[in-house]
Novice: 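Structure incoming, see below.
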Amino acid sequence: MAKKSPDEVHPVKAFGWAASDPSGHLSPFSFSRRATGEEDVRFKVLYCGICHSDLHCIKNEWGFSTYPLLPGHEIAGEVTEVGSKVTKVKPGDKVGVGCLVGACHSCDNCTADLENHCPQVIQTYNSIDVDGTMTYGGYSDHMVARERYIVRFPENMPLDAGAPLLCAGITVYSPMKYYGLSEPGMHIAVVGLGGLGHVAVKFAKAFGARVTVVSTSPKKEEEALKRLGADSFLVSTNMDQLKKEQFTLDGIIDTVSAVHPLLPLLGLLKANGKLILVGAPEKPLELPAFSVIMGRKTVAGSNIGGMKETQEMIDFAAKHNITADIEIIKADYLNTAMERLAKGDVRYRFVIDIANSVADIYRETTQRK
Ligand code: NAP
Ligand code: ZN
Ligand code: ZN
């Protein structure tokens with residue numbers, strides 16, 4: 001539990017959309033944020049992506065949600081104020097914040113630019129900040145974060161379609177790099193064609209891989225092949241299709257958000273192949289020992305990426321014209337969007353137009369007066 005309520009210590013009024021219980025419902029929420037500290041960057045939020053982790057969290061599916069919970073960790077906007085020690089950005093610059101807003105900055109992980117693995121990591125929402133208050137995410141009118149956690153948007157990177165890269169992008173980019181799957185000529189499968197999966201296809205193609213999409217949704221085949229540039233498409237329940245690509249893959253990026261069988265996926269890997277889990281189902285997955293023993297296979301995981309690598313990822317994306325395919329919504333559609341996301345009905349990321357949603361609320365309240 002947070003030791004202090006934000007209003008006890010925070011002077012700046014803020015507004016957003018939060019969950020007050022695990023029903024999955026979000027509603028307008030007034031709160032406050034801290035004044036701009038000397039290492040802080042304050043920015044007006046223009047767009048915020050909706051990650052499936054937001055949905056897991058508002059419903060407390062992972063069991064560690066604290067309410068009120070204000071989600072959003074794919075946050076993009078424009079700098080309005082910087083502290084005296086800030087050198088990286090200035091007012092007017094286009095910036096973003098992803099999943100992290102703090103860490104200890106002295107442990108081995110932080111020293112190696114892996115703040116994401118710091119034992120004292122502070123997540124953008126549902127964490128306790130250094131001042132003892134809960135962190136609140138990007139479904140809100142503005143953000144304030146330490147400069148280290150601010151990502152600069154390259155000139156040609158749009159704020160709306162670029163915002164999802166701050167979580168979805170880094171979550172798939174980082175393991176491809178770390179596990180050696182970014183070498184040209186790899187054969188990679190992306191499992192689950194949702195927010196993470198569709199950008200994984202784009203990054204893998206940019207790395208020079210041959211990409212197979214493994215999906216539960218046959219209707220996604222045409223888009224996967226024609227629009228996203230995948231080389232083949234397998235329906236995960238069709239054993240005949242899976243057999244055709246048996247023992248062909250160097251690696252798999254598994255982005256599935258729900259419990260699913262690993263056995264058919266492990267069967268697709270070559271000897272020494274790697275199955276990397278990034279999807280985070282609420283219940284354990286079954287791992288049959290023989291499926292990894294035979295062929296000396298690896299099953300591993302990966303959690304977003306550090307700040308240095310996140311900047312590298314967005315710069316790489318800008319260079320290779322990688323953005324997310326998005327459906328822009330206003331906040332009055334948030335609860336419907338969450339229901340659709342739960343059913344996998346999104347092409348491929350919802351992004352909230354925050355500025356216009358806030359303007360709508362402002363108009364409604366002034367008209368009522
Ligand atoms: P998403 O947009 O909902 O995509 C998930 C995809 O998984 C769906 O589109 C669907 O693809 C597939 N799927 C859903 N239910 C399934 C089932 N029962 N069996 C098989 N496949 C199923 O979600 P997302 O935002 O990409 O996030 C995916 C997961 O990654 C979530 O669990 C999220 O919390 C997690 N995540 C982890 C990290 C990390 O750092 N490791 C970061 C961000 C998100 P098809 O229709 O193609 O089958
Ligand atoms: Zn996320
Ligand atoms: Zn640390």
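Counting starts at 1 for both ligands and their atoms, following the listed order.
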Novice: Measure the shortest side-chain to side-chain distance between Glu223 and Tyr348 over non-hydrogen atoms and say whether it is less than 4.5 angstrom.
Specialist: yes

Novice: Who's the nearest protein heavy-atom neighbour of atom 2 (O) of ligand 1, and how far?
Specialist: Gly195 N, 2.8 Å

Novice: Set out, in order, the CA-CA distance, both residues' side-chain angles and the distance that settles salt bridge (Lys or Arg N to Asp or Glu O under 4.0 Å) for Arg227 and Glu222, then state yes or no.
Specialist: CA-CA 8 Å; Arg227 206 154 52 82; Glu222 197 178 328; over 6 Å; no

Novice: Between atom CD of Glu81 and atom NE2 of His142, what is the distance when rounded to the nearest 0.5 Å?
Specialist: 9.5 Å

Novice: For Gly195 versus Ala168, what's the shortest heavy-atom pair and its separation?
Specialist: O-CB, 3.9 Å

Novice: Which option, Thr216, Leu277, Val172, Val213, owns the non-hydrogen atom nearest atom 19 (N) of ligand 1?
Specialist: Thr216

Novice: Should the ring pair Phe207 and Tyr173 be called parallel, tilted or perpendicular, given that the plane angle runs from 0 to 90° and is split at 30 and 60?
Specialist: tilted

Novice: So which heavy atom on Met157 is nearest to which on Gly162, and how close?
Specialist: SD-CA, 3.7 Å

Novice: Provide the number and element of each atom of ligand 1 under 4.0 Å from a heavy atom of Leu196.
Specialist: 24 (P), 25 (O), 26 (O), 27 (O), 30 (O), 36 (N), 43 (C), 44 (C)

Novice: Would you call Lys297 and Leu275 a side-chain contact if the rule is heavy atoms closer than 4.5 Å?
Specialist: no

Novice: Using a 4.0 Å cut-off to any heavy atom of Arg349, which atoms of ligand 1 qualify?
Specialist: 24 (P), 25 (O)

Novice: Could you please give the number of protein N/O/S atoms within less than 2.8 Å of the Zn ion (ligand 3)?
Specialist: 4

Novice: Which heavy atom in Lys59 sits nearest to a heavy atom in Gly24, and how many Å separate them?
Specialist: CG-CA, 3.9 Å

Novice: For atom 42 (C) of ligand 1, what's the nearest protein heavy atom and its distance?
Specialist: Thr171 OG1, 3.2 Å

Novice: May I ask you to check whether His105 and Tyr149 place their ring centers less than 6.0 Å from one another?
Specialist: yes

Novice: Return the OG to CG distance between Ser257 and Leu196, rounded to the nearest 0.5 Å.
Specialist: 9.5 Å

Novice: Within ligand 1, which atoms have a heavy atom of Ser215 less than 4.0 Å away?
Specialist: 45 (P), 46 (O), 47 (O), 48 (O)

Novice: Hey, what do you get for CG (Leu234) to CD (Glu221), rounding to the nearest 0.5 Å?
Specialist: 9.0 Å

Novice: Can you report which non-hydrogen protein atom sits closest to atom 12 (C) of ligand 1, along with the distance?
Specialist: Gly192 CA, 4.0 Å

Novice: If you measure from each heavy atom of Trp62 to ligand 1, is any distance below 4.0 Å?
Specialist: yes

Novice: Counting from 1, what ligand 1 atoms have a heavy atom of Leu341 closer than 4.0 Å?
Specialist: 2 (O), 3 (O)

Novice: Restricting to non-hydrogen atoms, name the atom on Met307 and the atom on Glu115 that form the minimum distance, rounded to 0.1 Å.
Specialist: N-OE1, 3.0 Å

Novice: Does some side-chain heavy atom of Asp93 sit less than 4.5 Å from a side-chain heavy atom of Val41?
Specialist: no

Novice: Does any N/O atom on Val214 come nearer than 3.5 Å to any N/O atom on ligand 1?
Specialist: no

Novice: For ligand 1, which atoms sit closer than 4.0 Å to a heavy atom of Ile304?
Specialist: 39 (C), 40 (O)

Novice: In the protein, what heavy atom is nearest to atom 4 (O) of ligand 1, and what distance, to one decimal place, separates them?
Specialist: Gly194 CA, 3.4 Å

Novice: Could you list the atoms of ligand 1 found under 4.0 angstrom from a heavy atom of Cys167?
Specialist: 42 (C), 43 (C)

Novice: Answer yes or no: is there a side-chain heavy-atom contact under 4.5 Å between Arg33 and Met143?
Specialist: yes

Novice: Taking the side chain as everything from C-beta on, heavy atoms only, tell me whether Val213 gets closer than 4.5 Å to Lys220.
Specialist: no

Novice: Considering Gly344, Ser257, Ala280 one by one, which has a heavy atom nearer to atom 14 (C) of ligand 1 than any of the others?
Specialist: Ser257

Novice: Is any N or O atom of Val278, backbone or side chain, closer than 3.5 Å to an N or O atom of ligand 1?
Specialist: yes

Novice: What protein N/O/S atoms sit under 2.8 Å from the Zn ion (ligand 2), by chain and number?
Specialist: Cys51 SG, His73 NE2, Cys167 SG

Novice: To the nearest 0.1 Å, how far is atom 15 (N) of ligand 1 from its closest protein heavy atom, and which atom is that?
Specialist: Ala258 CB, 3.9 Å

Novice: Regarding His117 and Asp108, is there a side-chain donor-to-acceptor distance under 3.5 Å anywhere?
Specialist: no

Novice: Please write down residue, atom name and distance for the protein heavy atom closest to atom 11 (O) of ligand 1.
Specialist: Leu193 N, 3.2 Å

Novice: Got the closest protein heavy atom to atom 30 (O) of ligand 1, with its distance?
Specialist: Gly279 CA, 3.3 Å

Novice: Go through the side-chain N and O atoms of Arg34 and Thr133 and say whether any donor and acceptor fall under 3.5 Å apart.
Specialist: no

Novice: Could you find the nearest protein heavy atom to atom 31 (C) of ligand 1 and give me its residue, atom name and distance?
Specialist: His56 NE2, 3.5 Å

Novice: For ligand 1, which atoms have a heavy atom of Ser217 less than 4.0 angstrom away?
Specialist: 45 (P), 46 (O)

Novice: Check whether more than 12 heavy atoms from other residues, nucleotides or ligands sit under 6.0 Å from atom CD of Gln120, and answer yes or no.
Specialist: no

Novice: Would Thr124 and Thr135 satisfy side chain to side chain donor-acceptor pair (under 3.5 Å), going step by step from the backbone distance to the final call?
Specialist: CA-CA 6 Å; Thr124 303; Thr135 56; over 6 Å; no

Novice: As a test of understanding, state which of Tyr136, Tyr67, Tyr139, Tyr125 forms a ring-ring contact (aromatic ring centres under 6.0 Å, His included) with Phe29.
Specialist: Tyr136

Novice: Within a distance under 4.0 Å of any heavy atom of Lys220, pick out the atoms of ligand 1 and give their elements.
Specialist: 9 (O), 11 (O), 45 (P), 46 (O), 47 (O)

Novice: What distance separates Leu341 CG from Glu327 CD, expressed to the nearest 0.5 Å?
Specialist: 10.5 Å

Novice: If you measure from atom 13 (N) of ligand 1 to every heavy atom of Val256, Leu55, Ile50, which option wins on shortest distance?
Specialist: Val256

Novice: Given Gly197, Cys57, Pro218, Ser53, which one has a non-hydrogen atom that is nearest to atom 36 (N) of ligand 1?
Specialist: Ser53

Novice: State, without any angle test, whether His10 and Asp131 hold a side-chain donor-acceptor pair at a distance under 3.5 Å.
Specialist: yes

Novice: Would you say ligand 1 has an N or O under 3.5 Å from any N or O of His52?
Specialist: yes

Novice: Please work out, at 4.0 Å between heavy atoms, whether the side chain, the backbone, both, or neither of Thr255 comes within that distance of ligand 1.
Specialist: backbone

